[in-house]
Amino acid sequence: MFLENFKSFIKYYGKGRYFKLTGFTIMSLIAGFLEFIGVALIYPFIMLIIQPDFIDLSKYIKIDNTVMSGLLVGLCVLLIFIFKNIFIILNIYLQGRFVMNWKHSIVSRFMGYFLYAPYKDTMKISPSDKIYTLETLVNQVLDSFVLRIMNLFTNVIIISMIVLLLLIKFPIPALITIVFISIAGLVQNKYFKSRIAKIAEEIVPKSKEYQNSLLQNVNNIKEIKILSSENIFYENYVKASKTLKNTQVYHTFYCSIPPYIIEILVVSSLILISYIISTQNINSNSNLIASFAIVGAALFRVA
């Protein structure tokens, strides 16, 4: 249903943007690959610090000093992480610009309809509904729907690359990580997502009611004064405002809970994975520390 709605939205409002959407898909693949390389290099870096003869780089480059070998690998890790983060930040900026221009295009189309449509048709839409469409609805759709799908796609690729790395190097911790991702997704989809969606549906009519009351009070002050009905309009506005704000509080509250649930799952998974790695590398402290480093980095990156 979610993807079907996205396809329908792209069909009606995404003409001329397919090329850029494809470009963001390619950038997401590159970001996932850089994430894979960055996390993968943590293991040899830690091993070179603890066990300098772990890799003999003198076969490939003219370096005889094992300390310099460790520093060289560490520098490579640092440069990859810097480049990766700059690339992802650039991707976020370009996505933001892309969505902003998309908003402008859609809002302009709606405004054009309101202005150029026959008077009889445009009068069927209340001023509050027009303002809600132009100022709220378009922003919600692009920010909470389209941009989230684009970010979701990027994150799915990154998570897939990290899990692939763990499957290659640490199969059992990788399976635990997959279970952790599944539980986190299940908790969010089964409870928080449905609850947030229900509250979001409640916000729509309450937001319209609030905007309608606001417009009435601002645009009809003269009539309100003549009728001496200030108390009625004031109480209606206060009631609409309070109802909307209370609903928004619950929406913000439920949106802020998932990260703390994920944190509990991360710590639990990390403890279990640490125990497994400890039993597998009980005779090798260097492998133990390096394994902790790469699994810890991968798990928290997934979180």
Side-chain angles (χ1 to χ4, degrees), residues 1-21 24 95-151 193-252 255:
M1 186 66 178
F2 194 71
L3 291 178
E4 290 179 1
N5 290 336
F6 181 70
K7 290 178 181 178
S8 298
F9 180 82
I10 297 297
K11 179 180 178 181
Y12 289 105
Y13 296 102
K15 292 181 179 179
R17 291 177 170 80
Y18 300 113
F19 179 76
K20 289 186 177 180
L21 287 171
F24 285 122
Q95 284 184 358
R97 293 285 299 181
F98 173 71
V99 170
M100 184 198 69
N101 292 331
W102 205 348
K103 287 181 189 176
H104 174 71
S105 175
I106 295 175
V107 167
S108 298
R109 288 175 62 181
F110 276 111
M111 180 59 77
Y113 171 77
F114 295 148
L115 291 177
Y116 294 106
Y119 182 75
K120 183 173 62 175
D121 293 337
T122 191
M123 286 304 294
K124 294 179 181 178
I125 306 172
S126 67
S128 61
D129 285 342
K130 292 175 183 176
I131 292 176
Y132 173 77
T133 299
L134 296 172
E135 294 294 324
T136 305
L137 183 60
V138 174
N139 288 330
Q140 285 182 344
V141 170
L142 270 296
D143 291 336
S144 302
F145 182 60
V146 176
L147 188 59
R148 283 183 64 187
I149 287 182
M150 294 170 67
N151 291 333
K193 183 180 177 181
S194 59
R195 183 60 181 163
I196 291 170
K198 183 178 180 181
I199 295 175
E201 290 178 359
E202 296 174 0
I203 289 178
V204 174
K206 292 175 181 177
S207 178
K208 289 183 178 180
E209 183 181 350
Y210 169 76
Q211 289 178 350
N212 187 48
S213 177
L214 177 65
L215 285 172
Q216 286 180 343
N217 289 4
V218 172
N219 295 333
N220 303 314
I221 292 179
K222 182 179 179 180
E223 290 77 3
I224 293 172
K225 291 290 185 180
I226 293 174
L227 297 173
S228 300
S229 55
E230 293 92 344
N231 288 338
I232 296 175
F233 282 86
Y234 175 75
E235 289 175 0
N236 288 339
Y237 172 78
V238 170
K239 180 181 178 181
S241 176
K242 186 176 181 180
T243 302
L244 176 61
K245 297 299 184 291
N246 286 338
T247 307
Q248 289 174 335
V249 166
Y250 282 110
H251 186 267
T252 303
C255 286

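Remark: K245 NZ is packed, more than 12 non-hydrogen atoms of other residues, nucleotides or ligands lying under 6.0 Å away. Within 6.0 Å of CG in L21 there are more than 12 heavy atoms belonging to other residues, nucleotides or ligands. Within a 6.0 Å radius of CZ in F114, other residues, nucleotides and ligands contribute more than 12 heavy atoms.
To the nearest 0.5 Å, atom CG of residue N212 and atom CD1 of residue I131 are 9.5 Å apart. Taking CG of N220 as the reference point, atom CD1 of I226 lies at 10.5 Å (rounded to 0.5 Å). Rounded to the nearest 0.5 Å, atoms CG (N236) and CD (E209) are 8.5 Å apart.
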**Request:** Start with the C-alpha distance between I106 and L142, add both sets of side-chain angles, then the distance that settles side-chain contact (heavy atoms from CB on, under 4.5 Å), and finish with yes or no.
**Result:** CA-CA 10 Å; I106 295 175; L142 270 296; 3.7 Å; yes
**Request:** May I have the step-by-step check of side-chain contact (heavy atoms from CB on, under 4.5 Å) for V238 and F233, ending in yes or no?
**Result:** CA-CA 9 Å; V238 170; F233 282 86; over 6 Å; no
**Request:** For the pair Q248 and I199, evaluate side-chain contact (heavy atoms from CB on, under 4.5 Å) and give the outcome as yes or no after the intermediate values.
**Result:** CA-CA 8 Å; Q248 289 174 335; I199 295 175; over 6 Å; no
**Request:** Mind running side-chain contact (heavy atoms from CB on, under 4.5 Å) on L137 and F110 for me, showing each step along the way?
**Result:** CA-CA 11 Å; L137 183 60; F110 276 111; 5.9 Å; no
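Looking only at distances, no side-chain donor or acceptor of S213 sits under 3.5 Å from a matching main-chain atom of A240. With S105 contributing its side chain and N101 its backbone, the two residues share no donor-acceptor pair below 3.5 Å. Side chain of S241 to backbone of Y237: no donor-acceptor contact under 3.5 angstrom is found. Although no hydrogens or angles enter the test, the distance criterion places a donor-acceptor pair under 3.5 Å between the side chain of S108 and the main chain of H104.
No cation-pi contact links K103 to F98, judged by a cut-off of 6.0 Å to the six-membered ring centre and 45° from its axis.
The shortest non-hydrogen separation linking K130 to I125 is CE-O, 3.3 Å.
Checked by atom type, the side-chain pair T247/K206 shows a donor-acceptor distance below 3.5 Å.
Legend: residues meeting side-chain hydrogen bond (donor to acceptor under 3.5 Å, both in side chains) with S207, ordered by chain and number and at least two apart, are absent. Taking K124 as the reference, D121 meet the salt bridge (Lys or Arg N to Asp or Glu O under 4.0 Å) condition, with sequence neighbours excluded.
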